[in-house]
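Only one structure is covered here, and it is reproduced in the block below.
Quick caveat: nothing in here was measured; it's all calculated off a predicted structure.
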Amino acid sequence: MANMRVEQLSDIAFASPEDGIREDFIVAARAELDRRGVSSDARAEMEDHVAAVRAEESERATQPLGWPGIVLLLLIGPLLLISVISAISLYATGYKAKAKDAFTCILLSFGLYALLGLILLFTL
């Protein structure tokens, strides 16, 4: 921990085991902040920053995909490469609910295009 930046230490020090950080790492990061002489005001500011980042990540993970995105993915769903890359990028940036909605739209679009194909096949 001696080689870590203060920002990295604060991310660990103000985390909780629910965040996937082991308790001994949290204790060690707090001890390293003490050893470096980080003031209580600076620590409070770091803790507020870490809490704000975690709140934003939590909010981002539950945001649903909006109607423009749903319509777009329904239209381009069969263009698998483009639509899957967009869904994966949503997941990678933390928009887990949006990514789930995107994958659902991709599957629905394949069903819609298959249905349209069957209708055209039997009517022509």
On a heavy-atom basis, which atom in [X] and which in [Y] lie closest, and how many Å separate them?
{"X": "Lys98", "Y": "Gln63", "value": "CG-O, 3.0 Å"}
{"X": "Glu32", "Y": "Leu9", "value": "CG-CD1, 3.4 Å"}
{"X": "Asp11", "Y": "Arg54", "value": "O-NH2, 2.9 Å"}
{"X": "Pro17", "Y": "Glu23", "value": "CG-OE1, 3.3 Å"}

Test of understanding: clusters of I, L, V, M, F, W, Y form through side-chain heavy atoms closer than 4.5 Å, transitively. Do [X] and [Y] belong to the same one?
{"X": "Leu112", "Y": "Leu107", "answer": "no"}
{"X": "Ile26", "Y": "Phe14", "answer": "yes"}
{"X": "Val27", "Y": "Phe25", "answer": "no"}
{"X": "Leu108", "Y": "Trp67", "answer": "yes"}
{"X": "Leu65", "Y": "Tyr91", "answer": "no"}

**Message:** So Thr62 and Tyr95, do their side chains get closer than 4.5 Å, heavy atoms only?
**Reply:**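 Not in contact.
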**Message:** For a 4.5 angstrom cut-off between non-hydrogen side-chain atoms, does Met4 reach Ile12?
**Reply:**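 SC-SC contact between Met4 and Ile12 confirmed.
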**Prompt:** Once you round to the nearest 0.5 Å, how far does CZ of Phe110 lie from OG of Ser83?
**Reply:**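 Phe110 atom CZ to Ser83 atom OG measures 6.0 Å (nearest 0.5 Å).
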**Asked** Quick one: OG on Ser10 to CG on Leu33, what's the gap to the nearest 0.5 Å?
**Response**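 Answer for the OG-CG pair, Ser10 versus Leu33, is 7.0 Å.
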Please report, to 0.1 Å, the donor-acceptor pairs under 3.5 Å made by any side chain of residues 37-48, with sequence neighbours excluded.
residue	atom	partner	partner atom	Å
Ser39	OG	Ala42	N	3.1
Arg43	NH1	Asp34	OD1	2.3

**Item:** Val53: side chain to side chain contact (heavy atoms under 4.5 Å, CB included) partners, not counting sequence neighbours
**Value:**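 By the side chain to side chain contact (heavy atoms under 4.5 Å, CB included) rule, Val53 matches His49, Glu57.
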